[in-house]
Enquirer: 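Here's a structure for you.
Please read all numbers here as calculations on a predicted model, not as lab measurements.
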Amino acid sequence: MYEAYLRQLLAPLGVYDLGSGSINGAELYAIGLALDQTGWRLEAVERESITATAEDEGLSRREALFARRPAAVTLEERRDAIAALLQIDGDSLTPSAIDRAIQGCGIRAKALEMDTGHLRVIFPGVGGVPAEFEQIKKIILDILPCHLEVEFYFRYLTWEECERAGYIWAEVEEHTWESFQLAVPPEE
């Protein structure tokens, strides 16, 4: 790439023998190759230094800054999680800011303010305790300020919901107790 550019740049001068077997041509090839490699490395450094474009080392180094790795898997989710965690500051105590940080980490949860200093964390669309809850709990407790009381709320099927759905015993007998209590209706 740069070799061709350098040849094109120097050819009009007519001073250099730019043939492929010449000393000047070999020097030009070596300089061009070094410039190409430098350009490729600079592109990689630029890509990895910006959270929105980082793909490998840049994400890993940013994730290492936090006590726990975000519960995000895909490249896009990892970028979003890092961006959300980097936004946490002294003004991040509103429920919406806490929600953005939690959800930005790839955790499908919502923080509800119950009263002053008390938050309830719910898991919409999940019956029972979410998979990998212990890791999720540690991440959430790391994000939230320590002076807040945090309550984790898990959804199970209630008798009232059974009555509203009009369940009959034939439908209930298709379940085990565990699968029945997790058959939570969709939230409205």
Enquirer: If you define the side chain from C-beta out and look only at heavy atoms, does anything of Leu112 sit under 4.5 Å from Lys110?
Expert: yes

Enquirer: To the nearest 0.5 Å, how far apart are CH2 in Trp159 and CZ in Arg164?
Expert: 14.5 Å

Enquirer: Does Glu149 reach the side chain of Arg120, with side-chain heavy atoms less than 4.5 Å apart?
Expert: no

Enquirer: What's the spacing between Leu35 CG and Leu42 CG if we round to 0.5 Å?
Expert: 10.5 Å

Enquirer: Looking only at heavy atoms, which two atoms of Val129 and Phe154 are closest? And how far apart?
Expert: CA-CD2, 3.9 Å

Enquirer: Which atom pair, heavy atoms only, marks the closest approach of Leu75 to Ala54?
Expert: CD1-O, 4.0 Å

Enquirer: Begin from the C-alpha positions of Ile140 and Phe152 and carry the test side chain to side chain contact (heavy atoms under 4.5 Å, CB included) through to its verdict.
Expert: CA-CA 10 Å; Ile140 290 173; Phe152 293 95; 4.0 Å; yes

Enquirer: For the atom pair CD (Glu113) and CG (Asp115), what is the distance rounded to the nearest 0.5 Å?
Expert: 8.0 Å

Enquirer: So how far is it from Ser60 OG to Glu55 CD, rounded to the nearest 0.5 Å?
Expert: 11.5 Å

Enquirer: Step by step, work out the side chain to side chain contact (heavy atoms under 4.5 Å, CB included) result for Glu132 and Lys137.
Expert: CA-CA 9 Å; Glu132 300 178 12; Lys137 177 182 175 184; over 6 Å; no

Enquirer: With a 4.0 Å cut-off on N to O distance, would you call Glu161 and Arg155 a salt bridge?
Expert: yes

Enquirer: When the ring planes of Phe133 and Phe123 are compared, do they come out parallel, tilted or perpendicular, using 30° and 60° as the limits?
Expert: perpendicular

Enquirer: So which atom in Pro124 and which in Ala109 form the shortest heavy-atom distance, rounded to 0.1 Å?
Expert: CD-CA, 4.1 Å

Enquirer: Which pair of non-hydrogen atoms, one from Leu157 and one from Cys162, has the smallest distance, and what is that distance?
Expert: CD2-SG, 3.6 Å

Enquirer: Is there a path from Trp40 to Ile31 through hydrophobic residues (I, L, V, M, F, W, Y) whose side chains come within less than 4.5 Å of each other?
Expert: no

Enquirer: Spell out, as yes or no, whether a donor-acceptor pair under 3.5 Å connects the side chain of Glu151 to the backbone of Leu119.
Expert: no

Enquirer: So, are Glu43 and Arg47 salt-bridged, with charged N and O less than 4.0 Å apart?
Expert: no

Enquirer: Would you sort out whether Arg61 and Glu57 count as a salt bridge (charged side-chain N to carboxylate O under 4.0 Å, His left out), showing the intermediate values?
Expert: CA-CA 6 Å; Arg61 287 180 179 259; Glu57 182 183 2; 2.8 Å; yes

Enquirer: Test salt bridge (charged side-chain N to carboxylate O under 4.0 Å, His left out) on Arg41 and Glu46; report intermediate values, then the result.
Expert: CA-CA 9 Å; Arg41 184 65 187 142; Glu46 180 182 22; over 6 Å; no

